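These numbers were taken from a predicted model, which means no experiment stands behind them.
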Amino acid sequence: MKISSVQIFWMMASMEIGMTVLLSMSPSIGDAKQDAWISMLIATSAVLLIVFIATKLSLLYPNQTLIQFSQIILGKWLGKIIVIPFFVMWYTVTGIILRQSSDFLHLALFRRTPLWAIILLALILMVYATYLGGIEGIGRCSEFLGPVIIIALTVVLVLSVKNMHWTRILPVYHDSGGAAILKGAISPFSFLGESVMITMLVGFMSKPQEALSRAMWGVGLACVFLIGTTLGVILTFGSLAAKMWYPFFDMVRYVSVMEFIQNIDAVIVVVWLCSVFIKLSLYTFIASYGTAQWLGVTNWRKLIWFVSLIVFILALVPANADVSSIDYPTKFWVPYVVPINMVGIPLLLLTVGTIRKKWAK
């Protein structure tokens, strides 16, 4: 299985945009108020550093995945142990994303449909794409859906301009202050930091030497749209956006051009689902392929059924949307996954791996 550098670009861009735009705005605006766009800028700088570290780490062993080169760097057993937090991350976040996206569909479009049925249908689609296409199929989907997502978001922002009031961004910094702006950066950073999954993707690239630039540009493009949409939401609703579950979606509902172009929220839901589909498929592939490598199983596709069962159960566990959208990020993702999986382990492996490479020379 091989993927091109263009596909890496679109994978990183399209999978980062959907959930981040939908879910990271409210907490950020709640903390930083009208200065949330500055928080997004700070999160962008931090996440680009994460991408740089993760890609540099992968390029030490360009034809291998995180599961393989961690064992070369730290030895077989320690290398296997240190990646266990990544399995916890991949399995739980796939279940949570599946639940969050299903909750959104349930609230927005299918109130009378049982939630478990929406979860199951999304899971079947995700498994179908991953089983048949593997990482190559996901790459081709990203290449096609990525531009569609970008064009749709651009059109929405342009159509929303007439609802925006530039005074709602004022005063800059005075109402929030540095500490609140930094706190507001945590939520978008925790979403965008998922780009650390590049450590499982570079090994499939036909030209790994192009991984760094393509991954940086892909995540950078997602960040540009995150900043733009956050600004659009603030200029439309002001600080009231902090009290909304999905402020970007509500901004789309306000679009009305000459009483002809209206009700485009359903279109945006479809476009947003494209991004979620790519993200879920990537996590399913990484969890299945990584588990197979960790256990020494040759046919990684057999592990998809095991991963799917675990993910389905995890998606049903949260009692309500508060648990999946608030408790999971605040009590598990931010205090544990962000410092350990996104910063600590990649930095440790990069440091030890670089030293070992120099000693080997």
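- Separation of atoms OG (Ser101) and CG (Leu280) is listed at 5.5 Å; rounding is to 0.5 Å.
- Looking only at side-chain heavy atoms (C-beta outward), Val307 and Thr94 stay at 4.5 Å or farther from each other.
- Under a 3.5 Å cut-off, the side chain of Asp35 and the backbone N or O of Tyr173 do form a donor-acceptor pair.
- Taking the ring centroids of Phe237 and Phe248, they lie at or beyond the 6.0 Å cut-off.
- Heavy-atom minimum distance, Thr230 versus Ala36: CG2-CB, 4.1 Å.
- Between Leu74 atom CG and Ile345 atom CD1 the span is 9.5 Å, to the nearest 0.5 Å.
- Shown here are the side chain to side chain donor-acceptor pair (under 3.5 Å) partners of Ser26, two or more places apart in sequence or in another chain: there are none.
- Residue Lys2 qualifies as enclosed at atom NZ: its count of foreign heavy atoms under 6.0 Å is above 12.
- Of all heavy-atom pairs between Val196 and Pro346, the closest is CG2-CG, 3.9 Å.
- The shortest distance between side-chain heavy atoms of Val47 and Phe191 does not fall below 4.5 Å.
- For residues 18-27, no residue pair satisfies the salt bridge (charged side-chain N to carboxylate O under 4.0 Å, His left out) rule, not counting sequence neighbours.
- The aromatic rings of Phe87 and Trp90 sit perpendicular to each other, their planes meeting at more than 60°, with 30° as the lower class boundary.
- Judged as a side-chain hydrogen bond (donor to acceptor under 3.5 Å, both in side chains), not a single pair has a partner in residues 74-89 (not counting sequence neighbours).
- Among residues at least two apart or in separate chains, ring-ring contact (aromatic ring centres under 6.0 Å, His included) pairs with a member in residues 119-156 are Tyr131-Trp305.
- Distance check: Ser70 OG to Phe86 CZ gives 9.0 Å after rounding to the nearest 0.5 Å.
- Aromatic ring centres of Tyr289 and Phe204 lie closer together than 6.0 Å.
- Taking all atoms of both residues into account, the shortest heavy-atom contact from Ile3 to Leu201 is CD1-O, 4.0 Å.
- With ring centers used as reference points, Phe104 lies under 6.0 Å from Phe249.
- Taking 4.5 Å as the limit, some side-chain heavy atom of Phe69 sits within range of a side-chain heavy atom of Leu57.
- Formation of a donor-acceptor pair under 3.5 Å by the Arg99 side chain with backbone atoms of Pro318 is found in this model.
- In this structure, the side chains of Met89 and Trp333 come closer than 4.5 Å at one or more pairs of heavy atoms.
- How far NZ of Lys33 is from CD1 of Ile38: 13.0 Å, rounded to the nearest 0.5 Å.
- Within the 4.5 Å cutoff, the side chain of Ile29 has heavy atoms near those of the Val233 side chain.
- Applying the side-chain hydrogen bond (donor to acceptor under 3.5 Å, both in side chains) test to pairs two or more places apart or on separate chains, those with a residue in residues 38-66 are Thr65-Gln293.
- Sorted by first and then second residue, the side-chain hydrogen bond (donor to acceptor under 3.5 Å, both in side chains) pairs with a member in residues 136-157 read Gln7-Glu143; sequence neighbours excluded.
- The CD1 atom of Ile67 sits 9.0 Å away from atom CH2 of Trp294, with the distance rounded to the nearest 0.5 Å.
- Here the closest non-hydrogen pair linking Ala54 and Ile198 is CB-CG2, 3.5 Å.
- The side chain to side chain donor-acceptor pair (under 3.5 Å) check on Asp175 picks up Gln34, with sequence neighbours excluded.
- Residue Tyr91 qualifies as enclosed at atom OH: its count of foreign heavy atoms under 6.0 Å is above 12.
- In terms of heavy-atom proximity, Thr354 sits nearest to Leu60 at N-CD1, 3.9 Å.
- Between the side chain of His106 and the main chain of Thr113, a donor-acceptor pair closer than 3.5 Å is present.
- Looking only at distances, a side-chain donor or acceptor of Asn341 sits under 3.5 Å from a matching main-chain atom of Pro85.
- For the side-chain contact (heavy atoms from CB on, under 4.5 Å) with Leu273, the qualifying choice from Val270, Val271, Val269 is Val269, the only one to do so.
- Under the 4.5 Å side-chain criterion, counting only non-hydrogen atoms from C-beta, Ile150 is in contact with Ile17.
- When hydrophobic side chains of Ile, Leu, Val, Met, Phe, Trp and Tyr are connected at separations under 4.5 Å, Trp359 ends up clustered with Ile355.
- Note: Trp116 and Phe312 fail the aromatic proximity criterion, with ring centroids not under 6.0 Å apart.
- Arg168 contributes no side-chain N or O that, together with a main-chain N or O of Ile234, makes up a donor-acceptor pair within less than 3.5 Å.
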Practice task
Would you check, one step at a time, whether the test side chain to side chain contact (heavy atoms under 4.5 Å, CB included) holds for Ile82 with Leu348?
Solution key: CA-CA 10 Å; Ile82 205 167; Leu348 172 68; 3.5 Å; yes
Practice task
Could you walk me through whether Phe225 and Thr20 pass side chain to side chain contact (heavy atoms under 4.5 Å, CB included), step by step?
Solution key: CA-CA 10 Å; Phe225 274 88; Thr20 313; over 6 Å; no
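- By the side chain to side chain contact (heavy atoms under 4.5 Å, CB included) test, Val334 pairs with Ile186, Ser190, sequence neighbours left out.
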Exercise for the section: Under the side chain to side chain contact (heavy atoms under 4.5 Å, CB included) rule, what do Met126 and Tyr283 come out as? Steps first, then yes or no, please. Expected result: CA-CA 10 Å; Met126 188 173 80; Tyr283 268 122; over 6 Å; no
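- Residue pairs meeting the side-chain hydrogen bond (donor to acceptor under 3.5 Å, both in side chains) criterion with at least one partner in residues 204-226, sequence neighbours excluded, are Ser5-Glu210.
- Shown here for Leu226 and Pro188, the closest heavy-atom pair between the two residues is CD2-CB, 4.0 Å.
- Ser28 contributes no side-chain N or O that, together with a main-chain N or O of Met25, makes up a donor-acceptor pair within less than 3.5 Å.
- Judged as a salt bridge (charged side-chain N to carboxylate O under 4.0 Å, His left out), the pairs with a partner in residues 274-287 (not counting sequence neighbours) are, in order, Glu194-Lys279.
- Applying the side chain to side chain donor-acceptor pair (under 3.5 Å) criterion to Thr236, with sequence neighbours excluded, gives no partner residue.
- A single hydrophobic cluster is seen to contain both Leu303 and Leu132, as judged by linkage of ILVMFWY side chains at heavy-atom distances under 4.5 Å, directly or through other members.
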Problem - Worked check of side chain to side chain contact (heavy atoms under 4.5 Å, CB included) between Leu182 and Ile42 - result: CA-CA 8 Å; Leu182 282 175; Ile42 294 171; 4.0 Å; yes
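- Between atom CZ of residue Arg253 and atom CG of residue Asn163 there is a gap of 14.5 Å, rounded to the nearest 0.5 Å.
- When side chains are defined from C-beta on, Trp10 does not count as touching Leu145, because their heavy atoms never get closer than 4.5 Å.
- At a threshold of 4.5 Å between non-hydrogen side-chain atoms, the residues Val202 and Ile8 do not count as touching.
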